[in-house]
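Reviewing the structure listed below.
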2 protein chains.
Amino acid sequence: MRKEKLTRREKEKRRQRQDMLTASLELFSEKGYHNVSMQEIAEHAEFALGTLYKFFKNKEDLYTSLIMEHAKKFHDKLMQSMDDGDDEIEKLRNYVRTKGEIFVNDVSVIRLYFAESQGASFNIKAGLDKEILEDCEKHLQKLAQIFASGMKRKRFRQIADPYHLAVALDSLTTTFLLLWLEKPEQHPYPEDPDGILNILFQGLIHP
Amino acid sequence: MRKEKLTRREKEKRRQRQDMLTASLELFSEKGYHNVSMQEIAEHAEFALGTLYKFFKNKEDLYTSLIMEHAKKFHDKLMQSMDDGDDEIEKLRNYVRTKGEIFVNDVSVIRLYFAESQGASFNIKAGLDKEILEDCEKHLQKLAQIFASGMKRKRFRQIADPYHLAVALDSLTTTFLLLWLEKPEQHPYPEDPDGILNILFQGLIHP
DNA sequence: ATTTTAGAACAATACGTCACATTGTCAAGC
DNA sequence: GCTTGACAATGTGACGTATTGTTCTAAAAT
C-alpha cells in the first residue's frame, strides 16, 4: 500500500520530468540554447519557473540531461545493431540502417546535437564531450573491428586502415543523413537507405 | 596630395578594422560567441568600446563580417585549386591539398566556423548560411563536374552519382582534417595529406 | 576639426531564489 | 466507511541581482 503510493508518485515525477525535457527539446532545437530562457521552457511545459528548478538545478543541468539521455539511448542502439548479422557486410548494413532510423525518428534531437551541441554553450561542450566522445570512440572501435575482421577473412581488400574506414563510414552516413533530412527534394538520398555504403564498398569488397 | 591623405586614412582604417577582427576572432574561437562581450573585444583589440561600434554596427555584424570574409577567401582559394591540373585526379588532389593548407593555416577560423558558426547564434546562422551555402553549393557542383568528366572520359568508374561523390569527398576531407587538428597523436592522419582520397579512389579509378 | 577615449547611463534580458499558496496525504473521530 | 482537519510536500511566480548590448557625452589626442 505504502509502496504503491510511492511508486505512483514516482511515476508522476518521471512524467513531469519527461514533459519538461521534451518541452525544452522543442525549444532548444528550434531556437538554440542561448535564445531560450528558463521562463520560456517553463511556460511551454506548463509549469512554473520554480518547478523547473526543482527538477534541474541549472539551465546547464537541464541541457546536458537532455542531450545525454538521448545520446546514451542512441549509442546503445547502434552498438546493438552491429551485433546483428553474421556477415561483416550485414553488420555494416545494419549499422547504417539503424543510424538512419535514429536520424529519421528523432530529427529534433539530432538537429540539436549537430547544430547546437557543438558550440551553443561552449563551456558545456567540454563536459558533454568527455562522456559522449568516449562512447563515440567505442563505437568507432567496434566499426574498425568489423572492417579489420573482414580484411582478415579476405572479404575486404586492405584499401585503408580499419579505423580510418570506420571514421569514413561514420562521417559519410552522418553527412548524407543530415543532408537528406534538411533538403530531401534537392539532392535525393540514394533510394536505398544504405546505398551510401556502395561508395565505400565498391573499392572495399574483394572482387 | 588630397588623395594621398585620403588613402593613407583609408589604409589606417583598414588596419584598425583588421585588428578588431583578429582580436574578436581570438576571443570568439576561444570562448564562443555568447561568452565574449563587446567590452572585452574592445579591450583586447586596444580600442574603446565606442570605436568598435564605429566600425561594426552590431555584435552580430562584427561576427558575420568575421566569418564571411574568411569564408569568401577560402571559397576563392578552393575554386582556384580545382582549376590547376590537367588530369581530373590531379585536380582532386589539388583540392584536397589546398583544403588541408587552409585548415592548418587558419585553425582558429576553422574551429570557430565548425564549432560555433553552426549554433552559437542560431539566428545568425540563417543569415550566414544563405550566403555561405550558396558558395558551398557552387563548390560541390564543381567537384561533381570533375567526377562526371572523369567518368565520361572513362578514367573513373560510375560507382555513384557524381554529386554524391562530391559530397562524400567534401565530408571525408573535412572530418579527417578536423580530427587531425584536434588530436593529431591518437589517430594519425594518413601521412600523405591527400591519402584520404585513396578510400574513394580505390573503387573509383578504372583498373 | 575630426576622431578616439573613457566611462556613465539606459534598457533589456535572464538566471536563480524564496516566501507564500496550493495540493495531497494520512490519521483520528463521527 | 466517510468526513474532516492538520501537516507535509510540492508548485508558484514575483523579485533580487547581475550581465551585457548599445548609446551618448565630455574630455583628450591626433
Side-chain angles (χ1 to χ4, degrees), chain A residues 1-21 23-24 26-28 30-66 116 120-124 127, chain B residues 1-21 23-24 27-28 30-66 116 119-124 127:
Chain A
M1 256 310 138
R2 183 72 169 277
K3 196 149 194 191
E4 232 253 332
K5 279 277 162 71
L6 273 175
T7 55
R8 165 164 302 175
R9 221 162 174 43
E10 289 287 325
K11 287 238 175 187
E12 178 61 14
K13 285 248 185 198
R14 287 226 178 284
R15 215 186 52 76
Q16 289 180 337
R17 196 186 135 96
Q18 264 311 311
D19 284 356
M20 290 177 184
L21 283 175
S24 65
E26 282 171 29
L27 291 175
F28 280 146
E30 185 193 349
K31 311 172 69 176
Y33 182 81
H34 287 282
N35 299 324
V36 174
S37 67
M38 292 297 266
Q39 182 68 44
E40 213 176 336
I41 294 174
E43 277 168 21
H44 192 256
E46 298 184 276
F47 287 101
L49 180 60
T51 318
L52 204 55
Y53 279 94
K54 286 270 161 67
F55 285 77
F56 305 94
K57 76 171 202 288
N58 258 345
K59 187 179 181 184
E60 181 172 327
D61 182 33
L62 168 61
Y63 183 79
T64 53
S65 303
L66 177 61
E116 184 75 6
S121 32
F122 234 63
N123 309 337
I124 299 178
Chain B
M1 259 310 141
R2 184 75 169 277
K3 196 149 194 191
E4 232 256 332
K5 277 273 162 70
L6 273 174
T7 55
R8 166 165 301 174
R9 223 163 170 41
E10 289 288 325
K11 288 239 173 185
E12 177 60 14
K13 285 248 182 197
R14 285 225 179 289
R15 213 186 53 77
Q16 288 180 335
R17 197 185 135 94
Q18 263 314 311
D19 284 356
M20 290 176 184
L21 283 175
S24 65
L27 291 176
F28 280 145
E30 185 194 350
K31 310 172 72 179
Y33 182 81
H34 288 281
N35 299 326
V36 174
S37 68
M38 291 298 264
Q39 181 69 45
E40 212 175 337
I41 295 173
E43 278 168 19
H44 191 257
E46 299 184 275
F47 287 101
L49 181 57
T51 318
L52 203 56
Y53 277 94
K54 283 266 160 65
F55 283 77
F56 306 94
K57 75 173 202 289
N58 259 343
K59 187 181 182 183
E60 181 172 328
D61 182 32
L62 169 61
Y63 183 79
T64 54
S65 302
L66 177 63
E116 184 77 4
S121 33
F122 234 62
N123 307 338
I124 300 179

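Each chain gets a letter, A, B and so on, in the order the sequences are listed, and its residues count up from 1. When reading the values below, keep in mind they use all heavy atoms of this one structure, side chains included, and skip hydrogens, waters and symmetry mates. Predicted model, so just to flag it, every value in this text is computed and none were measured.
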Among the nucleotides D/dG21, C/dT17, D/dT22, whichever has the atom closest to the side chain of B/N58 is D/dT22

Smallest heavy-atom separation, A/Y33 atom then A/K59 atom, equals O-NZ, 3.0 Å

The nucleotide from D/dT12, C/dG16, C/dT4 with an atom nearest the side chain of A/T51 is D/dT12

What residues 40-48 of chain B contributes to the DNA chain D interface at heavy-atom separation below 4.0 Å is none

Item to complete: Would you indicate whether B/E46, at its atom CD, is surrounded by more than 12 heavy atoms from other residues, nucleotides or ligands within a distance under 6.0 Å?
Response: no

From CG of A/L49 across to C1' of C/dA19 the rounded distance in Å is 15 Å

Within-4.5 Å side-chain heavy-atom neighbours: A/Y63 and A/N58 = no

Rounded to whole Å, OH of B/Y33 lies from P of D/dT19 at a distance of 19 Å

Note: for B/V36 and A/K13 on DNA chain D, the residue whose nearest nucleotide lies more 5' is A/K13

(request) Run the salt-bridge test on B/K13 and B/E10 with the 4.0 Å N-O cut-off and return the result as yes or no. (result) no

Exercise. Check whether any side-chain heavy atom of B/F28 lies under 4.5 Å from a side-chain heavy atom of B/I41, and answer yes or no.
Key: yes

Base D/dG11 to side chain A/K54, donor-acceptor N/O within 3.5 Å cut-off: yes

B/L62 atom CG is separated from D/dT20 atom P, nearest whole Å, by 16 Å

A/E12 CD to D/dT10 P, in whole Å, measures 12 Å

Comparing B/Q39 with B/Q16, nearest DNA chain C nucleotide closer to 5' gives the residue B/Q16

Quiz item: Would you say the side chain of A/V36 lies within less than 4.5 Å of the side chain of A/H44, judging by non-hydrogen atoms?
Solution: no

Here the distance between atom P of D/dA9 and atom OH of A/Y53, to the nearest Å, is 24 Å

Here the distance between atom P of C/dG16 and atom OH of A/Y63, to the nearest Å, is 16 Å

Taken to the nearest whole Å, NE2/A/H34 to P/C/dC15 is 10 Å

### Query
When you look at A/L21 and A/Q18, which way does the side-chain contact (heavy atoms from CB on, under 4.5 Å) test go after all the steps?
CA-CA 5 Å; A/L21 283 175; A/Q18 264 311 311; 3.9 Å; yes

To the nearest angstrom, the CE-C1' distance between A/M38 and C/dC18 comes to 16 Å

